[in-house]
Amino acid sequence: MNKRTHTCGELTSTSINEKVSLSGWVNAVRFHGQVVFVDIRDRYGKTQIVYNQDSFNGDFELVKKLSMEDVLSVTGVVQKRDKNAINPNIATGEVEVIVSDHEILNESAPLPFMITDRNSAEEDLRLKYRFLELRTNELQNNIKVRHRTYQAVRTFLSNNDFLEVETPVLMKSTPEGARDYLVPSRIHNGKFYALPQSPQMYKQLLMVSGFDRYFQIVKCFRDEDLRADRQPEFTQIDIEMSFVDENDVMAKCEELTSTIFKEVKNIDLVKPFPKMTYADAMSKYGTDCPDLRYDLFLNDFKPFSDKSDFKAFSSAESVMGIIVPDGAKYSRKEIELLTEHVKRYKAKGLAWMKADEGKLNGGISKFFDDDLQIQIRKKFNINDGDILFIIGDKNKITQLSLGSLRIAIARKEGFVKSTDFKPVWITDFPMFEYNDEDKRYHSLQHPFTQPKSNDLKKLKESPEAIPSKQYDLIINGYEVAGGSVRIHNSEQQKIIFDILGIDKKEAKERFGFFIDALKYGTPPHGGIAFGFDRLVMLLAGTSNIRDVIAFPKTTSAMSLMDGAPSSVFQDQLKDLGIQIKK
RNA sequence: GGGAUCGUAGUUCAGUUGGUUAGAACGCCGGCCUGUCAAGCCGGAGGUCGCGAGUUCGAGUCUCGUCGGUCCCGCCA
C-alpha cells in the first residue's frame with residue numbers, strides 16, 4: 001500500500017505536476033472506454049482521479065471492474081483540468097490525478113443502499129447497515145459537529161476551573177424517577193446494580209469532597225419509552241458548582257452555551273438569555289419548553305365565553321384561545337385535522353371563529369352577540385382574515401392542547417426560521433406535583449432540589465405552593481439543560497423525603513449514605529445537566545436524535561445492527577442466579 | 001400500556017371493484033464508448049408481495065393475529 005501524501009479534500013492547483021498518492025473509497029465511476037473517471041472519497045473530501053489506458057501501468061481490464069465503495073490507494077500526477085471540465089461543486093474541482101499505479105485494498109460487496117443519497121433507503125435498513133450510513137455526507141458532518149461540541153465544552157469548562165471526574169456506571173438503584181436499567185450481580189446473586197439515570201448524587205458528593213467545580217460528559221440510562229428526541233442511553237454535560245446561587249449557575253451556563261454556539265456554528269446568541277417563570281410559560285405558551293421564535297400566544301378567553309350563550313365553556317375551569325393571522329383561509333378539513341391534533345391531549349374539541357368584514361363568522365360565532373364580538377376583536381387585536389381557536393377544559397388540558405396546537409400551526413404556516421436560536425431560562429418551578437395515580441407528591445425535578453422558601457411549616461402544609469430553585473434552559477422549544485440549587489442540609493433533605501412519602505426507614509435504606517454525607521460540612525452548591533445529544537441536534541439542524549448518535553437504537557430500544565438486546569446462554573444466567581419465567 | 005401509519009425485486013415505489021405470466025426507475029451482471037462529474041447507449045438476471053392463520057373457485061389486494069420501522073399520548077426524579 002502506498003502511504004497517502006494528501007487527503008481527498010486537499011489538492012488544489014498549487015500541486016500541479018506533483019506526484020501524489022491518495023487513499024479512499026470509490027464514490028462514483030464513469031466509464032468511457034479508454035478513459036475512466038473515478039471520484040475517490042475520504043472524510044476530508046472528494047478528488048477526481050483519471051485512469052487513462054495509455055498512462056496507467058496496471059491492468060486496465062481490472063479498472064473496468066471498479067465499483068462503488070471499493071477501497072483504493074492510487075499514485076499519479078496532479079493535472080490542471082481544462083476550463084470547461086472544472087467541477088465547481090467540489091473543493092478539488094480544478095484538478096484531477098492521472099493515475100499511474102493503484103492498489104485495490106478492499107473490494108466492496110454490492111451495497112444495500114446508495115451512500116451518496118441518505119434518502120435512498122428506509123431507516124430500518126440504514127440502521128442495520130449503520131456503518132455504511134455513517135459514510136453519508138450528512139452523518140459525517142453531524143459527527144464532526146458533535147466532536148467540535150465536545151471540544152468546545154471541555155475547553156471552556158477546563159479554562160473555568162472545572163475538573164473532569166468520572167463517576168461509576170454500576171451504581172445503587174434509587175427508584176425515584178425514571179425506570180432503572182438493572183445489571184445483575186454474579187458475586188451477590190439476587191442483587192442488582194443500576195446504570196445511572198444521571199450521576200446526581202455522585203456530583204453532589206464531589207462538592208462535599210471539596211472539588212468545588214466539577215464536570216463530566218457522561219452517558220446516562222433511562223428505561224423509558226423513546227421519542228424522536230429521546231434515546232434510552234444518552235449523553236449529558238454534567239456540571240456542579242459550590243458556593244453558588246441560581247444566578248451564578250445560569251450565568252456560567254450562558255457563557256458555556258454561547259461559547260459552544262460561537263465555536264461550533266459561529267452564531268452569536270443574544271445575551272443575557274431571557275428568563276421566564278414556569279407559571280408564565282404555562283399560561284402564555286402552554287408548555288414549560290416554550291419556543292420563542294414566533295409570536296403566537298395563549299390568551300384568556302374565559303371573560304368572553306362567560307358572557308356568551310355558548311354553554312359548553314361555562315363550566316370549564318379555563319377557556320383559552322390563540323389567534324392565527326390569516327388563518328381564516330383554513331378549510332373545514334384543515335380545521336378537522338387540527339381538531340384531531342388537540343384531541344390527543346384530551347381536549348374535547350376545537351372551537352373556532354373566523355374574522356371577516358369586522359365581524360366573527362362561522363364555528364361558534366353565533367353564540368357571541370355583535371357587541372361581544374367587537375370587544376373580542378378589540379381585546380385580542382383580531383384582523384379580518386384571522387382565525388381564533390378556542391379550547392375550554394381543565395386548566396392543564398387547555399394549556400397542553402393549545403400549547404401543542406401552537407406548535408402545529410407554526411410548523412404548518414412556516415413561522416419557524418431554522419437558522420434562528422432563541423434560548424430562554426424557565427424558573428420558579430413548583431417543588432412538587434401531586435400525582436393522582438399513586439396519591440402522593442412527586443418532585444418536579446429531583447428530590448435534592450432546594451425550595452425557594454425556608455418556611456418549613458408552609459412547605460409541609462401546601463407543598464404545591466412552594467417554588468423551587470430549579471432552572472431549565474430551553475432553546476427553540478427543546479429542553480437543553482435543567483438544574484437546581486441543591487439542599488445542603490440533611491434535616492431539610494429528610495423533610496423533603498417525608499413530603500414525597502418516602503418513610504424514614506426507606507429513606508435510610510435508599511439514601512442513607514447521602515443524607516449522612518450532608519452532615520459533614522457540605523458547601524452550598526448547585527448544578528445543571530445539559531442534554532448533549534439534543535444540543536448537538538440543534539447545532540446540526542436536525543430534529544431527530546438518531547442523526548447525531550453514531551449507533552442509535554430504534555423506538556423499541558433495539559439495535560438493528562448488532563441485534564441487542566438478545567438472549568444469553570443458560571450458563572450466563574446460572575452464574576447470575578437468574579431464571580427466565582416463561 | 002394506548003393511538004396513528006408503513007412493510008411488494010438489492011433499493012425507492014406503482015399495482016384499479018379480489019381475477020391471466022406482479023411492473024417502473026435506480027442499482028447489479030454483460031457489451032459498446034477518450035472528457036465525464038446523477039455520464040450515455042444496447043442487452044440480461046433478479047420476487048416466500050414481512051411472517052402465520054382465515055374468508056373465497058381465486059388474496060399483493062379483504063379479516064384476524066404476529067414481527068419490525070416511524071410519529072404521537074401515557075411515561076421520561
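Here is how names work: the chains are called A, B, and so on, in the same order as the sequence lines, proteins then strands, and each is numbered from 1.
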Sugar-phosphate, base or nothing in reach of A/Gln200, heavy atoms under 4.0 Å: base
- prompt: Which of the following nucleotides, B/rC75, B/rA39, B/rU11, is nearest to the side chain of A/Ala28?
  reply: B/rA39
task: Tell me what A/Phe113 touches on the nucleic acid: a base, only sugar-phosphate, or nothing, going by heavy atoms under 4.0 Å.
output: nothing
Could you go over nucleotides 65-69 of chain B and give all protein N or O partners under 3.5 Å, atom names and distances?
unit_1 : atom_1 : unit_2   : atom_2 : d
B/rG69 : OP1    : A/Thr554 : OG1    : 2.5
B/rG69 : OP1    : A/Ser556 : OG     : 2.9
B/rG69 : OP2    : A/Ser556 : OG     : 3.0

- prompt: Using a cut-off of 4.0 Å on non-hydrogen atoms, how would the nucleic acid contact of A/Ala178 be classed: base, sugar-phosphate, or nothing?
  reply: sugar-phosphate
task: With heavy atoms under 4.0 Å as the rule, sort A/Arg344 into base, sugar-phosphate or nothing.
output: sugar-phosphate
Between the protein and nucleotides 27-33 of chain B, are there any N/O to N/O pairs under 3.5 Å, and if so, what are the atom names and distances?
unit_1 : atom_1 : unit_2  : atom_2 : d
B/rG30 : OP1    : A/Lys65 : NZ     : 3.2
B/rC33 : N3     : A/Gly33 : N      : 3.3

statement: On RNA chain B, more 5' by nearest nucleotide between A/Leu226 and A/Val50 is A/Val50
message: Taking any heavy-atom pair under 4.0 Å as a contact, classify A/Tyr345: base, sugar-phosphate, or nothing.
response: sugar-phosphate
field: Side-chain donor/acceptor of A/Arg230 to base of B/rC76, under 3.5 Å
entry: yes
message: Is A/Arg227 close enough to B/rC73 that one of its side-chain N or O atoms is under 4.0 Å from OP1 or OP2 there?
response: yes
Under 4.0 angstrom between A/Asn87 side-chain N/O and B/rG35 OP1 or OP2: no
message: Is there a side-chain contact between A/Arg30 and the phosphate of B/rA39, meaning an N or O under 4.0 Å from OP1 or OP2?
response: yes
